[in-house]
Structure formats: C-alpha cells, structure tokens
Amino acid sequence: MTRSLRHLVSVSDFSATEIAQLMQTALRIKSMLAVPSDKHRLRQLLKNSVGSVVFYESSTRTRFSFGIALALLGMQAVHSEAAGVFSSAIKGESIEDTIKVLAGYSGDVIILRHPETGSAARAAAVSTVPIINAGDGTGEHPTQALLDLFTILEARKNRNPGTITLVGDLKNGRTVHSLVELVVRLSATKLRFASHVRLVSPPELGLPAVLGNKLRESGIECSQYCRLERAILEDSDVVYTTRVQKERGSKVTDGELLAYQLTPAHVQTLPETAIIMHPLPRNAELPEAIDKNHRARYFEQAHNGVPVRMAILLFLLHPLGLSVLE
Ligand code: CP
C-alpha cells in the first residue's frame with residue numbers, strides 16, 4: 001500500500017480533523033521518545049524511506065529538528081545546507097528543475113526552505129513526492145505553526161479559547177503568518193484555541209491586511225497596538241513575540257524596539273497561567289532575564305519540533321498514516 005501524494009505548503013493543506021489527529025500523534029510520540037523500547041519501535045516505522053533536506057536559507061531549529069525527526073523514524077537523509085550556493089541554483093537552475101530532478105531520485109520527501117515567497121507551492125506543483133515547506137520567504141512556515149499549536153494546547157490543556165498577543169515583526173514574520181492561518185482554520189472547530197488576537201507592532205511592520213481580514217471574517221476579535229501596554233498583557237493567555245526580520249528589509253528604531261520589547265516588569269503583569277513563546281532565534285525583543293520565569297516556553301516550544309515533525313512525516317509517508325500509532 002502506498003500513501004496518496006500530499007504536500008504541506010500551507011497549514012491550510014490539512015483539515016481540522018487531520019490537525020487534531022496530528023496533535024494527538026505528536027503527543028504520543030513525545031511520550032514514546034522517553035521510553036527506550038518505544039523509541040526503538042519508532043525507529044522501525046520509516047526505516048526504508050529517504051528524505052532530501054534542501055535549505056537555501058540559514059536555519060538551526062527547523063533543519064536540525066527535521067534531521068533528528070528523520071533519524072528517529074529510521075529514515076536516511078541527504079542534506080544540502082546553503083543550497084543557494086552549493087546547488088546548481090548558482091548556475092541559474094530554477095526551483096522547478098531542481099525539484100523535478102530530486103523528486104525523480106526515488107527518495108520519499110523533500111523538505112524545502114527557500115527565500116522566495118511561493119517557492120514551496122511552485123515546488124509542489126512539479127513534485128512527484130511530498131514537499132514540506134520549511135519556510136518560504138515571508139510566506140508561511142507551517143511546521144512551525146503546528147509545533148506552536150502543540151505547545152499552546154499542551155500548556156492550556158482544556159481551558160477555553162484564549163487571547164493570543166502577537167508581538168514584533170508581523171509583516172515579514174512567516175511563523176506569525178502561519179499561526180494566524182491556523183487560528184482561522186480552526187476557528188469554527190473543536191480545536192478553536194484563540195478567540196481574540198492582539199497585534200502589537202510598529203505601524204510599518206503590521207500584519208498584512210489580508211490576514212487581519214481573515215481573522216475578522218472568521219469571527220475572531222482582532223485588535224492592533226503599536227506598543228505593549230499593561231492592559232494588553234493583563235489578560236493575555238499567550239504572548240508570542242518575534243524578532244525583526246532584518247534579512248527581509250525590516251527596520252525598527254530604538255524607540256520602536258523599546259515599545260514592544262518584553263521586559264521582566266511586563267512579565268509580572270501577565271496572568272500566572274500565561275505562556276511566553278518565540279519561534280527563535282531571538283534578539284533584543286526577548287531579554288534572557290525572562291528565561292527563568294515559569295511562563296517562558298520558547299525552548300520547550302523548539303524541542304516540540306521533533307515530535308511534531310515526526311508526526312508530520314508519518315502522516316505524509318507511512319502507508320497507514322497516523323493510524324500506525326493507534
Ligand atoms: N523557528 C525557526 O524557523 O528557526 P530556524 O530559522 O533556526 O529554523
């Protein structure tokens with residue numbers, strides 16, 4: 001039995017039911033990874049599969065957590081870091097030609113990070129194996145949003161949908177774009193995890209209007225601010241802060257940075273049960289002084305990348321999909 005071809009270019013590629021199953025499987029994998037015999041079982045699940053990890057942009061978390069997820073499922077991986085320099089892209093080869101060639105090498109999946117928005121969709125349009133978008137320009141970063149959701153669900157357990165405050169470069173931050181798409185996708189389902197989204201950014205780095213409109217159209221309360229204020233923090237359940245994407249031309253003045261930098265004083269105004277998230281890497285917007293606060297979840301969030309990406313690989317590649325772990 002072979003799995004029908006599916007790609008993960010956007011969080012919208014998965015239905016709410018599939019996302020719910022993915023979350024359950026990731027939770028199961030997370031607990032299995034702590035038990036040696038279960039870890040051994042996981043290593044058998046995709047041991048005949050091979051993945052190509054093709055990164056045209058720098059990465060620590062996505063690249064390593066995918067590499068480790070592949071290994072923990074028994075897969076072999078062929079990596080290309082700095083693919084813009086070390087692949088034939090430097091000789092003028094198009095992303096379409098590269099993907100057609102890689103997809104024909106009898107591998108099973110291509111995990112692609114690329115600086116151009118829309119590149120993952122272009123790759124998927126010509127690929128005969130699943131494409132996983134590991135970040136395309138200012139577009140999307142769907143596997144990050146899924147691990148963000150996992151982290152939020154784990155932390156909030158069965159509490160009611162809450163208020164998420166998104167802070168920083170909301171214009172060019174693709175992790176935020178995918179998270180907002182996920183809020184919209186799940187807004188009318190049992191997985192609805194946010195009822196109010198607050199957007200805090202310098203005016204020139206605001207969330208693209210199309211995404212703000214999607215939030216409102218799906219019945220999510222949405223409000224915008226240009227500085228972190230006590231009233232915003234007092235009833236935030238999740239504060240998701242992001243760095244300025246300098247590599248994409250984003251700039252902030254020192255004054256703007258101070259207006260949204262999360263300080264230890266800010267953290268004290270958050271509810272005890274609130275969590276602080278960041279996709280990392282961080283800069284001055286999230287001082288290390290906050291790391292020891294019990295609300296800080298960003299390293300755990302990064303670590304959740306392994307079980308969530310393992311679940312995504314099983315979903316796309318295993319003949320039984322996620323039911324292999326039922
Ligand atoms: N969060 C994230 O995508 O980090 P990397 O760029 O290090 O992969």
Side-chain angles (χ1 to χ4, degrees), residues 8-11 26 51-72 77 79-86 109-120 123 131-152 154-155 164 166-183 205 238-250 262 275-286 288 290-291 296-313:
L8 177 54
V9 170
S10 160
V11 288
S52 299
V53 184
V54 189
F55 274 46
Y56 291 78
E57 275 191 337
S58 58
S59 166
T60 298
R61 278 142 293 275
T62 315
R63 190 161 57 87
F64 279 89
S65 64
F66 259 120
I68 288 169
L70 291 159
L72 289 171
H79 293 266
S80 178
E81 300 152 18
V85 180
F86 291 117
V109 62
I110 297 170
I111 299 160
L112 177 70
R113 172 169 287 195
H114 197 280
E116 285 172 28
T117 306
S119 52
I131 297 289
I132 298 179
N133 180 5
D136 66 321
T138 61
E140 277 215 45
H141 194 349
T143 66
Q144 175 73 44
L146 290 166
L147 74 88
D148 293 341
L149 173 66
F150 181 86
T151 306
I152 292 167
E154 235 193 350
I164 296 188
L166 303 173
V167 189
D169 185 352
L170 310 184
K171 178 183 177 197
N172 289 318
R174 59 193 173 201
T175 70
V176 164
H177 299 169
S178 278
L179 192 57
V180 167
E181 290 281 5
L182 204 51
V183 171
L205 296 182
V238 177
V239 177
Y240 188 105
T241 185
T242 61
R243 76 183 167 89
V244 174
Q245 303 270 310
K246 289 182 193 144
E247 70 273 34
R248 307 197 198 286
S250 298
L262 197 65
I275 61 170
I276 301 164
M277 298 175 69
H278 193 303
L280 304 178
R282 65 166 153 194
N283 295 143
E285 72 284 348
L286 181 60
E288 287 177 20
I290 291 169
D291 293 3
R297 294 293 174 101
Y298 26 93
F299 289 108
E300 188 182 332
Q301 178 187 357
H303 297 154
N304 285 335
V306 170
V308 170
R309 290 180 168 121
M310 288 172 76
I312 291 168
L313 289 164

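Just so it is clear, the model here is predicted, and its values are computed rather than measured. Counting starts at 1 for both ligands and their atoms, following the listed order.
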Is atom CD of Glu288 surrounded by more than 12 heavy atoms (other residues, nucleotides or ligands) closer than 6.0 Å? no
Do Thr151 and Arg297 have side-chain N/O donor and acceptor atoms under 3.5 Å apart? no
Using a distance-only test with no angle check, is there a side-chain donor-acceptor pair under 3.5 angstrom linking Glu140 and Ser178? yes
Residues at least two apart in sequence or cross-chain that pass side chain to side chain donor-acceptor pair (under 3.5 Å) with Tyr240, listed by chain then number, are Asp148, Thr175
Side chains of Arg113 and His141: do they bring a donor and an acceptor to under 3.5 Å? yes
Taking any residue with a non-hydrogen atom under 4.0 angstrom from an atom of ligand 1, which ones do you get? Ser59, Thr60, Arg61, Thr62, Arg113, His141, Gln144, Pro279, Leu280
Check the pair Thr138 / Arg248 against side-chain hydrogen bond (donor to acceptor under 3.5 Å, both in side chains), numbers first and verdict last. CA-CA 8 Å; Thr138 61; Arg248 307 197 198 286; over 6 Å; no
